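Since the model is a prediction, treat every value here as computed from it, not as a measurement. Just so it is clear: chains get the letters A, B, ... in the order the sequence lines come, proteins before strands, and each one is counted from 1.
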Amino acid sequence: MMDIKQVRENPDRFKEASRLKNVPCDIDKLIEVDARRRAVQQELESLRTQSREGGQQLALCRNPKSEWYKRAVQNGKTPEEIKVEADRLQKELNDVKARSKPLEDEDRTVNEEFAAAMLTVPQPAGPDVPVGSDDTENVELRRVGEIRQFDFKPKDHVTLGQELDIIDIERGVRLAGSRNYVLKGDGALLHQAVLRLAQDMMVQRGFVPMTVPVLVREEVMTGTGYFPGGREQAYLCERDEKALVGTAEVPLTAYHAGEILDESRLPLKYCAQSTCFRREAGAAGKDTAGLYRIHLFDKVEQVIICRNDEELSIKLHAEILQNAEDVVAALELPYRVVNVCTGDLGQGQVQKFDIETWMPSRDSYGETHSASRFYEFQSRRLMLRYKDAQKKTRFCHTLNNTVVASPRILIPLLELHQNADGTINIPQALRPYMNNKERIEPRP
RNA sequence: GGAGAGGUGGCUGAGCGGCUUAAAGCAACGGUUUGCUAAACCGUCGUACUGGUUUAAACCGGUACCGGGGGUUCGAAUCCCCCCCUCUCCGCCA
């Protein structure tokens, strides 16, 4: 959520953001609703003042024991005269109430309208974000690692998984429908090894590991920016008014929602492994083969909550990006980092860097990590604040990045580390998590 | 799932239709005094929206908020209805 004052002062900035990000938002209407809302509020406030003051006077008129009443009698007023006065007041207040009623209703509806409109305002992209309409216009920043040249014909991960009996897509689909799978034997172990390596690396860097709910209240989805815009992408448990999260970013970022933190506690660095649920609505027919686009996966996510300082946010953004790069490097995989363009940016992100890892079966780099910074966008929705040194309450900044998501990362891992005989070399860093095994081979 | 008891400011805790703009205490912050720690005294001490004003910070107002939402009333923390949450006991269960 953005600051309405900023929208009022500089509506063009947000219209521009709406256009560049291709996020629909009617700024003119919002400003109109805002003006109406304030007008109604002022009118209502003055009526409420009248009502309160008149009500207090009425109480005095009706109470013969009150100081006011005694003084009035002393000044020569008869009880009858006071009663006439009270009745007149009563009538006046009835009238005030009658006038308030329709305004109360309008106040309610106009505020709802305002709140709904505010949820659609996009966060303008940062100055270093390339302008573009979709992911084809993302700008490559750097390539790291050599792309392996095979001296045999490499197999894709689906074939490898089938032959080694470590991935069973067919039965996964039979159990749970399309975009589902079963990991088996060393496949299951490799999956967990990757996640555990990632988490250990984060803990070593001072991130506090957490386990978090994955079925959360809708306001948590709204607070992190996934609702209402991304409602289609989430699995809903409507009976309980809850949603399954698509990432642990949601519960981690919302963990301190509604709190006013002490600046001395910042920055907070959290990581969590969680299962992620995605409907992949609108992606029908896209990436249907293999483990690339699936409904359910596990991910270790990193989240930072820091003070309201853009320079610091930018610095920490680089830090969480580096954390992820180190994980990919530990897995001995070649990757590139791209600066995501405006059109491929979400509503709330100021800037996003994706790490794309080389995937031989796709003959291209494929997205494996996504590092975003939000400034106040999520904090405002979540009422996530802190008191600064001047005792002023301010909104935090939030950032997040993937540490590793599996099984997607198993695609390059299996494909790039395969041998001509169909076995797979396990990278050094993973071996401690695989009982020191060096190679995945067919089970006897 | 059943029965009961509760939800008031950072915390404790009064208030149960109108001198409540929520008492008091604790904690916190600022100051005075003594000066090693500490103590005493005085003051400040919520959040949101909003008006005035200002370059701004700050300042001065208004309204709302006593778990959430409705209702009764001129007036609700207080009365009524619905929901949520917490605690205790029982039941069920990985």
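With a 4.5 Å cut-off on side-chain heavy atoms, K437(A) and L189(A) do not count as touching.
Using a 4.0 Å cut-off between a side-chain N of Lys or Arg and a carboxylate O of Asp or Glu, E16(A) and R13(A) do not qualify as a salt bridge. Using a cut-off of 4.0 Å between Lys/Arg side-chain N and Asp/Glu carboxylate O, D3(A) and R380(A) are scored as salt-bridged. Ion pair R48(A)/E104(A) flagged as a salt bridge, since at least one NZ, NE, NH1 or NH2 atom sits closer than 4.0 Å to an Asp/Glu carboxylate oxygen. In summary, E170(A) and R174(A) engage in a salt bridge, as defined by a charged side-chain N under 4.0 Å from a carboxylate O. Using a cutoff of 4.0 Å between basic side-chain nitrogens and carboxylate oxygens, D95(A) and K91(A) are not scored as salt-bridged.
With both ends at atom P, the span from U33(B) to C42(B) equals 16 Å, rounded to whole Å. Remark: the separation of the P atoms in G13(B) and G18(B) is 24 Å, to the nearest Å. A distance of about 14 Å separates the P atoms of A77(B) and G70(B), rounded to the whole Å. For the P atom pair drawn from A64(B) and U78(B), the interatomic distance equals 14 Å after rounding to whole Å. Using C1' as the reference atom, G4(B) and U12(B) are 25 Å apart when rounded to the nearest Å. The C1' atoms of U8(B) and G1(B) are separated by 31 Å, rounded to the nearest whole Å. Between the C1' atoms of C45(B) and C83(B), the separation comes to 35 Å (whole Å). Rounded to the nearest Å, the gap between the C1' atom of C36(B) and that of G25(B) is 29 Å.
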Distances under 3.5 Å between nitrogen or oxygen atoms of protein and nucleotides 51-55 of chain B:
| residue | atom | partner | partner atom | Å |
| --- | --- | --- | --- | --- |
| G51(B) | OP1 | R38(A) | NH1 | 2.9 |

Measure all distances between protein nitrogen or oxygen atoms and nitrogen or oxygen atoms of nucleotides 16-19 of chain B, and list the pairs falling under 3.5 Å.
| residue | atom | partner | partner atom | Å |
| --- | --- | --- | --- | --- |
| G18(B) | N2 | G55(A) | O | 2.8 |

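At the heavy-atom level, R385(A) lies under 4.0 Å from the strands shown only through sugar-phosphate atoms. Within the 4.0 angstrom heavy-atom criterion, no nucleotide atom of any strand lies near S46(A).
For Q90(A) and C74(B), the shortest distance from a side-chain N or O to OP1 or OP2 is below 4.0 Å. Distances shorter than 4.0 Å separate none of the side-chain N or O atoms of K387(A) from OP1 or OP2 on G10(B).
Nearest to the side chain of T393(A), among U47(B), U50(B), C74(B), sits U47(B). Among G62(B), C85(B), U47(B), the nucleotide with an atom closest to any side-chain atom of I260(A) is U47(B).
Each of F395(A) and K392(A) was matched to the nucleotide of RNA chain B holding its nearest heavy atom; the match closer to the 5' end belongs to F395(A).
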Could you spell out the base pairing of RNA chain B as a dot-bracket line? Use Watson-Crick and G-U wobble contacts where both distances are under 3.5 Å, [ ] for crossing pairs, | for partners on a different strand.
((((((((.[[[..)..(.....]]].(((((.......))))).(((((((......))))))).[[[[[..)....]]]]])))))))....

Steps toward salt bridge (Lys or Arg N to Asp or Glu O under 4.0 Å) verdict (E367(A), R408(A)):
CA-CA 9 Å; E367(A) 180 189 330; R408(A) 186 179 277 191; 5.0 Å; no

Run the numbers on D186(A) and L164(A) for side-chain contact (heavy atoms from CB on, under 4.5 Å), then give the verdict.
CA-CA 9 Å; D186(A) 283 339; L164(A) 290 164; over 6 Å; no

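When ring centroids are compared, Y270(A) and H256(A) come within the 6.0 Å threshold.
Within a 6.0 Å sphere centred on CG of D87(A), heavy atoms belonging to other residues, nucleotides or ligands number more than 12.
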